[in-house]
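Let me begin by presenting the structure, written as structure tokens, before commenting on it.
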Amino acid sequence: MSRRRQDKTWPPKVLKARDTPSLADYIKSDKCKNVVLMLGAGVSTAAGIPDFRSPKTGLYANLARLKLPYPEAVFDISFFRKNPVPFYNLAHELYPGKFRPTLSHSFVRLLNEKKLLLKCFTQNIDTLERLAGVPDDKIIEAHGSFATQRCIECKTEYDGELMKKHVEEKKIARCDRCKGLIKPDIVFFGEPLPSSFINSIPVLEEADLLIIMGTSLTVHPFAALADLVSHDKCPRALINLDKVGDLGHRPDDVLLLGRCDHVVLDLCKELGWEDRLRALWAETELETERGEGGGGADGQENKEEDEEEKEREEDEQVQTEIDALTAAVAESLKIASPPAEKSPEEDTSESPEGQSPPPESTQEKL
Ligand code: OAD
């Protein structure tokens with residue numbers, strides 16, 4: 001029997017069992033003080049932003065209209081130098097301001113509020129962690145973000161409002177000094193990751209729990225972070241539609257397969273944190289309404305309604321908005337709509353149907 005196959009049958013060392021109640025017990029125990037997160041695009045799909053590699057709904061399966069030599073070219077620095085138009089077209093669709101954080105983003109904020117969050121490493125460029133209220137010093141945007149931009153030649157920073165205007169009008173922004181192309185500070189293939197990422201790698205040694213959410217773990221060096229936590233004292237929890245990387249091979253790996261928001265809600269119910277999670281998420285609705293995109297709900301609290309009725313109505317309304325946003329993005333990207341996402345209460349399935357395993361190849365980011 002191979003070593004890997006044996007691992008699956010070993011009893012857990014740190015946790016009582018590899019399930020949600022045991023994970024919740026551990027999070028509440030004195031042993032769990034430092035939680036590290038690794039996030040990917042699956043955390044934001046419920047906000048209406050497609051992920052990259054899902055077979056039908058992912059961005060890379062739906063970029064034919066941009067006439068790219070290969071899908072990842074849209075994020076390739078050599079290609080961008082020759083032809084920035086496809087990226088600007090995509091940026092027009094994905095630009096922050098239209099999207100509301102998900103329950104899973106609010107969960108990260110809740111972990112911080114509980115003084116458990118050591119670092120949140122994210123591959124996402126949508127800035128929804130910030131919008132959910134996670135403090136900047138706890139977020140490592142490993143693949144950069146749309147928050148700032150600069151000239152790819154002389155590196156001079158470019159004004160945010162001007163950039164937004166260019167993206168809105170699908171015009172290519174150029175540097176005032178040298179006329180070089182302006183690009184958001186998103187890490188493209190062929191570019192190094194930010195120093196903040198490299199400098200934060202040592203925190204993984206301090207982690208008592210690693211939670212990996214919504215990523216195919218195919219892009220390196222980010223994916224390699226999952227190997228850097230201690231075998232002996234740091235359980236790893238995977239919250240994802242499908243099993244990825246080598247998760248499941250360590251004795252304290254917990255596989256919580258399903259939609260991020262549903263799994264997070266279940267976990268918070270076990271932890272007794274559900275009300276606080278919902279309250280933090282409700283705050284993101286207000287924030288989004290205040291923001292320019294106004295992606296949040298327009299429903300007002302009816303104080304005379306009893307609490308249960310109100311909650312159900314809000315859930316339905318948010319679901320309608322998520323469906324509308326998803327349909328709008330799908331329409332603009334000319335993609336097939338993903339199967340309607342059930343509310344966490346409706347969805348009792350642990351493992352979704354029709355999900356393909358993640359690609360086997362590993363891309364090098366550097
Ligand atoms: P991928 O699209 O590669 O993987 C997303 C993962 O999330 C897949 O395993 C999906 O099955 C899963 N997923 C989707 N929706 C989900 C949901 N609601 N709940 C749970 N799981 C869900 O995205 P990343 O791993 O983030 O680089 O991709 C990594 C990098 O590749 C990106 O940062 C991007 C891209 O090239 C950039 O530089 C922009």
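Indexing begins at 1, ligand by ligand and atom by atom, following the structure's order.
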Using a 4.0 Å cut-off to any heavy atom of [X], which atoms of ligand 1 qualify?
X      : answer
Val187 : 38 (O)
Arg53  : 1 (P), 2 (O), 3 (O), 28 (O), 29 (C), 30 (C), 31 (O), 35 (C), 36 (O)
Gly40  : 26 (O)
Phe189 : 36 (O)
Arg259 : 19 (N), 20 (C)
Asp242 : 9 (O), 11 (O)
Thr45  : 15 (N), 16 (C), 17 (C), 18 (N)
Gly258 : 19 (N), 20 (C)

| Can you find a non-hydrogen atom of Glu72 under 4.0 Å from ligand 1? |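 Flag not set, Glu72 not near ligand 1.
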4.0 Å heavy-atom contact, Gly58 with ligand 1: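 The answer is no, since Gly58 has no heavy atom less than 4.0 Å from ligand 1.
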(message) Just checking Phe189 against Phe75, ring centres under 6.0 Å apart?
(response)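 No, ring centres 6.0 Å or more apart.
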Does [X] reach ligand 1 with a nitrogen or oxygen that is under 3.5 Å from one of the ligand's nitrogen or oxygen atoms?
X      : result
Ile186 : no
Thr218 : no
Ile125 : no
Val219 : no

TODO: With the side chain counted from C-beta on, respond yes when Val134 and Leu117 share a heavy-atom pair under 4.5 Å apart, and no when they do not.
DONE: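 Counting from C-beta outward, Val134 and Leu117 do come under 4.5 Å.
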Exercise for the section: Could you go through the side chain to side chain donor-acceptor pair (under 3.5 Å) check for Thr20 and Asp266 one step at a time? Expected result: CA-CA 8 Å; Thr20 306; Asp266 283 348; over 6 Å; no
Run Asp25 and Ser22 through side chain to side chain donor-acceptor pair (under 3.5 Å) and show every step you take. CA-CA 5 Å; Asp25 279 350; Ser22 304; 5.5 Å; no
May I ask you to decide if Lys13's main-chain N or O and Asp252's side chain share a donor-acceptor pair within less than 3.5 Å?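 Yes, because the side chain of Asp252 sits within donor-acceptor range (under 3.5 Å) of the backbone of Lys13.
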So does Asp208 get a backbone contact from the side chain of Tyr26, meaning a donor-acceptor N/O pair under 3.5 Å?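 Looks like yes, one N/O pair under 3.5 Å.
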Using the ring-ring contact (aromatic ring centres under 6.0 Å, His included) criterion, which residues pair with Phe107? Sequence neighbours excluded.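 Testing Phe107 for ring-ring contact (aromatic ring centres under 6.0 Å, His included), a comparison that skips the adjacent residues, returns none.
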- Do Arg100 and Trp281 meet the cation-pi criteria used here (NZ or CZ under 6.0 Å from the six-membered ring centre, within 45° of the axis)?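 Yes, Arg100 lies over the aromatic ring of Trp281.
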**Request:** Look at Arg81 together with Glu153 and state whether they make a salt bridge at an N to O cut-off of under 4.0 Å.
**Result:**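 A salt bridge is present here (some side-chain N lies under 4.0 Å from a carboxylate O).
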* **side-chain hydrogen bond (donor to acceptor under 3.5 Å, both in side chains) contacts in which one or both residues fall within residues 170-188, not counting sequence neighbours** =>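 Output for this query lists Thr148-Asp185, Arg150-Asp185, Thr156-Arg177, Glu169-Lys171, Lys183-Glu191.
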*Considering Phe222, Phe75, Phe52, Phe188, which one's heavy-atom position lies nearest to atom 34 (C) of ligand 1?*
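It is Phe52 whose heavy atom sits nearest to atom 34 (C) of ligand 1.
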